[in-house]
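Inspection log for the structure reproduced underneath, given as structure tokens.
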Amino acid sequence: MSEQLVAKNRIESLRAQIRRHDRLYYVENTPEITDQNYDRLMAELIELEKRFPEFCSPDSPTQRVGSELAGEFKTIKHAVPMLSIGNTYSYADMREFDERMKRELGLGVSYSAELKYDGLAVSLTYVDGRFTLGATRGDGEKGDDITANLRTIKNIPLFLENAPKGTFHVRGEVLLPLKELERLNKERLENDEALFANARNAAAGSLKQHDPAVTAKRKLTFVAYASACFPAFDDLELLTAYKKLGLPAASPCRICRDIGDAVAFCEEWKEKRFTLPFATDGIVIKVNSFALREKLGATAKSPRWAIAYKFPAESAETKLLSVSLQVGRTGAITPVANLETVRLAGTNVSRATLHNFDEVERLDIRVGDTVLVEKAGEIIPDIVGVLKDKRDGSEEKIVPPDKCPVCGSPVYTDPEMAAINCSNVSCPAVLKRVIAHFASRNAMDIAGLGPAVIDELVDKKIVSDYGDLYAIKGVNWLAFSKIGDKSAANLDHALETSKKRPYDRLLFAIGIPGVGSATARTLAKSFPTMEKLASASLEELTAVEGIGEINAKGIMSFFSNARNLEALEKLRSAGVIMEYREIEDVPKILDGKIFVITGAIPGVSRLEAAATILKYGGTVSESVSKQTSYLITEDLSAKSSKIDKALELGTQIISWKELALMCGFEPPEPEIERQGSLFDDLIGSKEEELAKRKMRNAAEKDAKPETKNENADPETQGDLFGDLF
Ligand code: IVH
């Protein structure tokens with residue numbers, strides 16, 4: 001084959017791979033490879049296209065790196081472009097940067113140094129103090145309008161009292177706290193969904209959700225570090241003003257007299273950053289004075305007045321002790337590396353996924369090898385290489401299994417997925433994972449059906465598919481050594497309630513290959529009954545936006561499997577809902593209304609309550625102010641500063657039931673009769689109770705002098721991430 005032809009083939013293959021990873025990363029938020037490996041593919045493609053310009057094409061991924069992919073959001077043009085900053089890993093470069101500044105300005109310069117937050121850069125537009133628009137950085141010129149999602153972030157104020165008149169833009173980063181990433185990944189593991197590789201991807205994924213209710217569930221947080229059109233003299237003044245206005249200003253921010261101070265700040269945070277609740281990947285050093293920044297200007301890409309020092313990639317050497325085999329829900333057998341525990345980026349690492357046996361071969365990794373582990377974006381450890389010169393000959397090759405490690409059945413290879421699979425459709429390991437997925441929170445949400453119970457159900461052959469779950473009733477549970485009377489009753493109740501879960505949750509739960517919760521929702525709308533979906537043709541399936549041919553084939557093969565149909569039949573006869581019931585397209589009755597919730601609402605979690613309000617077009621805020629339209633509470637006599645504030649301001653106070661009446665949804669049945677509750681159909685008595693409370697408050701106020709901050713909510717007090725300083 002000629003060199004040209006080889007290059008052409010490779011270019012095409014690279015483009016296909018990159019497009020797929022772009023899609024996984026930008027659209028589906030489930031990256032499969034590390035950024036580093038992605039960069040490697042891209043670098044190779046750029047290089048080849050340079051060498052063989054005859055194969056350049058406007059639709060190559062090199063021509064539009066990651067842009068417009070999650071493109072259903074409205075595109076907006078930034079009033080002032082959002083630039084990026086030049087990176088360096090060396091202090092020598094920082095000193096050179098300092099020399100350049102001095103040369104250009106002809107004087108010594110003071111800098112501000114801040115953490116380089118590793119999340120998603122956004123711009124928030126405030127008009128006369130009101131948060132009117134929020135957008136992603138995008139390509140710097142244009143970004144996506146993600147206002148609805150940003151509004152769900154609790155520390156982004158929707159209104160700034162005492163803000164400068166007119167329009168200004170607050171620039172900063174949306175972060176996902178590391179604890180929240182851990183929680184999310186744990187949940188995704190339960191649901192057999194791909195894990196987020198790092199907090200940045202998770203933050204980006206959460207902000208690109210088309211349903212703000214999903215964003216609201218992720219505990220995102222915002223930090224403000226820059227501005228456009230905000231009247232301030234330097235960074236210190238800006239951040240102080242932000243703080244005063246109630247914006248979460250970057251902290252720490254050190255004002256450095258010279259570059260030596262800035263280097264010291266970088267050194268200080270190199271290790272200390274691991275104590276932070278969020279991810280940082282370096283320090284940003286900026287000329288402090290805004291007038292000097294103006295003078296220095298910018299190149300097309302980045303300002304001349306800033307440089308980003310990146311912390312060195314954290315890697316560590318350790319030994320591969322053994323390899324375990326894990327059998328997943330689809331039967332795929334994954335090799336997992338058991339490592340000698342090593343300290344890396346602030347955590348102990350003792351396991352790492354080897355992804356698949358192709359990767360084992362590519363690395364030529366052997367048991368006993370000394371390996372190099374890196375944390376891709378700080379979270380998931382990745383084995384990036386083997387130190388072959390440290391071998392002493394005792395290392396053992398890793399042989400792909402020919403039998404399932406759990407049930408001993410033969411395995412088969414799926415070339416498309418580079419995976420070795422157990423061939424036994426009733427492999428207990430697979431069945432356990434399938435049932436755990438079926439019962440998981442985002443699927444049928446069967447509380448109490450945890451791993452121990454599932455193990456027993458499968459091991460004792462009580463269930464052979466999820467359809468059998470609904471046949472176990474009452475005393476039958478008691479046949480289990482681990483289940484008592486109360487748990488049995490709870491399980492009965494949980495199973496009964498799960499039958500009424502929305503149809504899309506069922507579609508997610510039954511484990512159709514490639515169907516995550518988002519795809520399940522799309523399918524539920526396009527094929528409103530299970531029969532319709534089961535009999536859909538390839539053309540009908542691929543006609544649905546977001547369903548590709550591989551997806552469609554997976555769905556068809558699922559419904560052509562007799563065992564699956566049998567399990568579905570059991571669900572149907574148990575009375576599980578198998579059709580779409582319109583709930584999504586509700587009128588936006590609460591548009592423009594701001595709600596605050598105080599106290600518990602029986603039968604509705606805080607998140608559900610917020611999601612409901614958002615669904616009907618309203619917004620939820622943390623504290624009562626003049627802008628609040630309604631305060632929601634179930635208990636007017638509760639000790640709550642929010643109720644008192646609402647009374648003081650004359651804000652309307654309503655119950656969840658009243659909100660339900662307003663919007664026209666069914667309020668939850670109170671599980672236990674709430675005795676003496678003020679809102680049980682006795683709206684009249686509400687006024688009385690409020691009047692009484694108002695009088696009590698007035699009397700107390702007279703008796704006690706007011707102390708500062710007494711009424712403030714603990715959440716709205718203090719610094720953004722606790723007191724770092
Ligand atoms: S100042 C010119 N300060 O890191 C833009 N940026 O390439 C002025 N970043 O895209 C931004 N932490 O989004 C600034 N403390 C910080 C930052 C920060 C993170 C982001 C920024 C930029 C990227 C640098």
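When a ligand or atom number is given, it counts from 1 through the structure's own listing order.
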>> Applying a heavy-atom cut-off of 4.0 Å, say which part of Y225 lies close to ligand 1: side chain, backbone, both or neither.
In response: side chain
>> Strictly below 4.0 Å, N to O, side chains only: are K272 and E268 in salt-bridge contact?
In response: yes
> Is it the side chain (CB and beyond), the backbone, both or neither of L115 that lies under 4.0 Å from ligand 1, heavy atoms counted?
Replying inline: backbone
> Do F131 and F159 make the cut of ring centroids closer than 6.0 angstrom?
Replying inline: no
>> If only side-chain N and O atoms count, and only distance matters, is there a donor-acceptor pair under 3.5 Å linking N348 with T341?
In response: no
> Salt-bridged, E114 to K286, with N to O below 4.0 Å?
Replying inline: yes
>> I need the atoms of ligand 1 closer than 4.0 Å to a non-hydrogen atom of A121, numbered in the order shown.
In response: 13 (O)
>> Would R171 count as a contact residue for ligand 1, given that I'm defining contact as a non-hydrogen atom of the residue lying under 4.0 Å from a ligand atom?
In response: no
> Which atoms of ligand 1 sit under 4.0 Å from any heavy atom of P303?
Replying inline: 2 (C)
>> I want to confirm something. Looking only at heavy atoms, which of E173, K310, K286, K116 is nearest to atom 3 (N) of ligand 1?
In response: K286
>> With a cutoff of 4.0 Å, is A306 in contact with ligand 1, counting heavy atoms of the residue only?
In response: no
>> Need the ligand 1 atom indices (1-based, order shown) with element for anything under 4.0 Å from a heavy-atom of E114.
In response: 3 (N), 15 (N), 16 (C)
>> Taking 4.0 Å as the limit for heavy-atom contacts, which would you say applies to V284 with ligand 1: side chain only, backbone only, both, or neither?
In response: side chain
>> Is it true that S123 and R171 share a donor-acceptor pair across their side chains at a distance under 3.5 Å?
In response: yes
> When the ring centroid of Y309 is compared with that of Y89, is the distance short of 6.0 Å?
Replying inline: no
